[in-house]
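Here's the structure we're looking at; comments come further down.
Order of the sequence lines fixes the chain letters, A, B, ..., with proteins taken first and strands second; residue numbering starts at 1 for each chain. Remember, predicted model here, so these are calculated numbers, not experimental data.
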Amino acid sequence: MTPTLLDIHSVSLTFPGVERPILSNITYAVQTGDFVIVLGSNGSGKSSLLKLIDQRYQPSSGKINLDGKLLTSYRDKSFHCAVKTLTQNYHESLFTSLTVLENYLLIRQQYEPNLLAIKTQHESEFLQTYLSQFNTNLSSKLNQIVDQLSGGEKQALALALTVLYPPRILLLDEHTSALDPKSAEQLMSMTQQITEKYHITCILTTHDLAIAEQYGNRILALRNGKIHHRIENDKKQDFNQENLLAACY
Amino acid sequence: MMLASLISAIFTQSLTFLPLALGISISYSLLRATDMTLDGSFVLGAAVFARLVTLGISPVIAGLCALIAGSLAGVMVSFIQRGGRVDPLLAGVLATFILTSGNLALMGRPNINLLTQHTLVSTAFAQSNLAGWSLVALYSLSFCLISCLLVRSRFGLMLRALGDNPALLKRLGTPVETYRLLGFALTNSLAAVSGILTAQTVGYADVGMGFGMTLTGIGAIILGQQILRAMLKRTTLRVAAEFSACVIGVLLYFFAMNGLLRCDINPVYLKMILGIILIIFLRSAVNPNQKRAQS
Ligand SMILES: Nc1ncnc2c1ncn2[C@@H]1O[C@H](COP(=O)(O)OP(=O)(O)OP(=O)(O)O)[C@@H](O)[C@H]1O
Ligand SMILES: [Mg+2]
């Protein structure tokens with residue numbers, strides 16, 4: 001039996017002054033290699049759930065374990081290496097006034113504390129090769145300022161840099177929702193390529209049922225902060241869009 | 001003759017102002033913080049230097065102490081705004097507020113005359129004006145050069161990242177507060193350098209000499225940036241361009257000011273007119289902070 005990677009145990013989230021709990025009594029276990037799709041209408045608590053997992057919020061009750069240890073027992077740095085988030089808002093994951101290469105160098109120095117040991121020439125070759133494995137033309141834009149890239153390119157860059165040092169768990173909060181259908185599809189196939197190559201466990205929120213059908217292997221549907229419906233990976237026949245629409249909203 | 005004296009006034013004033021302008025540029029464009037402390041550190045540099053020199057201490061040691069005092073002012077302001085609990089602009093005003101009485105206490109009186117004192121440049125000026133100003137240029141430009149090299153290095157990359165997205169930088173495990181502190185120490189010691197040089201060239205240190213300096217500096221820098229952007233047909237400037245923008249802006253500012261003075265404009269209205277010109281520049285400029293908030 002594979003050990004539970006992420007164990008969410010009867011977690012609730014309330015905010016002072018907000019009457020209704022944002023999330024109530026959520027219990028869910030994520031195994032290594034899962035690709036979980038979180039569905040639910042606006043305000044159902046999807047983003048809040050992801051924020052609990054990456055510790056931007058703390059649960060009001062219940063507990064969350066990663067590898068059998070409480071999230072709060074991890075040191076900041078090792079936690080941020082193990083759990084990474086990408087949202088539709090690339091501002092949160094990129095230094096937008098710096099170049100592509102500079103963004104990479106800043107992430108690089110997290111793992112190579114001796115800044116001076118990082119040789120720019122060598123690194124730019126590495127980055128070029130790294131980026132060229134993805135189906136984008138980012139590898140020819142190393143010296144471009146991020147602000148001047150297209151939305152799709154920014155999001156692809158953010159994803160590529162987020163997994164430069166692969167996390168255990170990748171949290172994706174509607175990361176394709178601001179993109180046109182074609183760019184969204186490209187980014188999703190890049191996401192899949194990455195999660196498979198680096199064995200990253202992924203939890204993704206979306207309103208796009210086609211994404212859920214094509215990429216998910218488990219579905220978690222929220223409604224008003226509670227688990228409304230769940231589909232496990234042995235029920236592949238339930239992963240079609242009509243069924244999801246009927247069952248999850 | 002008129003023209004020669006105008007040009008020399010512009011150049012000499014620009015030379016002593018340049019380190020401060022560079023400090024302002026680093027805090028405004030890189031760290032994205034409008035650090036009003038620079039007004040106070042400018043005076044602090046002049047005050048510490050003047051006081052120590054009149055106490056008979058060697059000008060070199062006095063200069064070093066003044067430089068350190070400036071960087072300590074930076075440390076102070078970074079502590080005030082530590083953790084983002086006090087707005088940077090307010091922190092700067094607060095720090096300057098504190099420095100106003102600090103400077104007066106240090107000097108012991110509102111004004112110290114340096115004309116009769118032995119200073120870093122007094123021997124050179126005794127030889128000739130040219131020798132004196134060359135030495136001032138040497139001091140001013142070498143501090144600017146050192147700062148430019150620092151800003152172009154990895155350290156500068158960290159400062160730019162800090163100004164761009166402190167939350168992300170923190171999540172990457174960088175000690176952001178340390179970099180903030182170092183950044184402010186750098187900009188405030190540059191302001192102190194300007195203060196030290198100004199005190200020696202005008203011949204006195206005065207508690208009120210820093211008033212409006214940061215504001216003027218920002219105006220000059222924005223003017224320079226606008227011109228450079230138009231010339232380079234680019235919307236963003238890199239480090240080397242930022243420094244050139246500083247130089248251009250400062251030269252033009254002193255050109256405007258000396259020009260106005262020579263047009264027999266009543267000095268009483270000088271700040272008012274310059275203020276209005278500043279408003280026009282600020283309104284026409286792309287403010288990097290504002291652009292961020294909109295997008
Ligand atoms: N910091 C907060 N303080 C108060 N209420 C909050 C906070 N964060 C979220 N909420 C509330 O929690 C509820 C769930 O928000 P959440 O962002 O998790 O929804 P969501 O499912 O991600 O919605 P969407 O599909 O629109 O992204 C909303 O009603 C929201 O107003
Ligand atoms: Mg959301």
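When the shell of 6.0 Å around NE2 of A:His207 is examined, it contains more than 12 heavy atoms from other residues, nucleotides or ligands. Other residues, nucleotides and ligands contribute more than 12 heavy atoms inside 6.0 Å of the OH atom of A:Tyr130. Within 6.0 Å of CD on A:Glu185 lie no more than 12 heavy atoms contributed by other residues, nucleotides or ligands. A 6.0 Å sphere centred on OH of A:Tyr28 holds more than 12 heavy atoms belonging to other residues, nucleotides or ligands.
B:Ala161 touches chain A through backbone and side chain together, each having a heavy atom under 4.5 Å away.
Contact between B:Leu157 and A:Leu98 at its shortest, heavy atoms only, is CD1-CD1, 4.0 Å. Considering all non-hydrogen atoms of both residues, A:Leu94 and B:Leu168 come closest at N-CD2, 3.5 Å.
Here the straight-line distance linking atom CG of B:Leu172 with atom CG of A:Leu106 works out to 7.0 Å at 0.5 Å rounding. Here the straight-line distance linking atom CZ of B:Arg154 with atom CD of A:Gln109 works out to 9.5 Å at 0.5 Å rounding.
At least one donor-acceptor pair closer than 3.5 Å links the side chain of B:Arg171 to the backbone N or O of A:Glu92. Remark: the backbone N or O of A:Phe95 is not paired with any side-chain donor or acceptor of B:Asn165 at under 3.5 angstrom.
Qualifying ring-ring contact (aromatic ring centres under 6.0 Å, His included) partners for A:Tyr111, counting only residues two or more places apart in sequence or in other chains: A:Tyr165.
Here side chain to side chain donor-acceptor pair (under 3.5 Å) pairs that include residues 187-197 of chain B, with residues two or more places apart or in two chains, are B:Asp35-B:Asn188, B:Ser41-B:Asn188.
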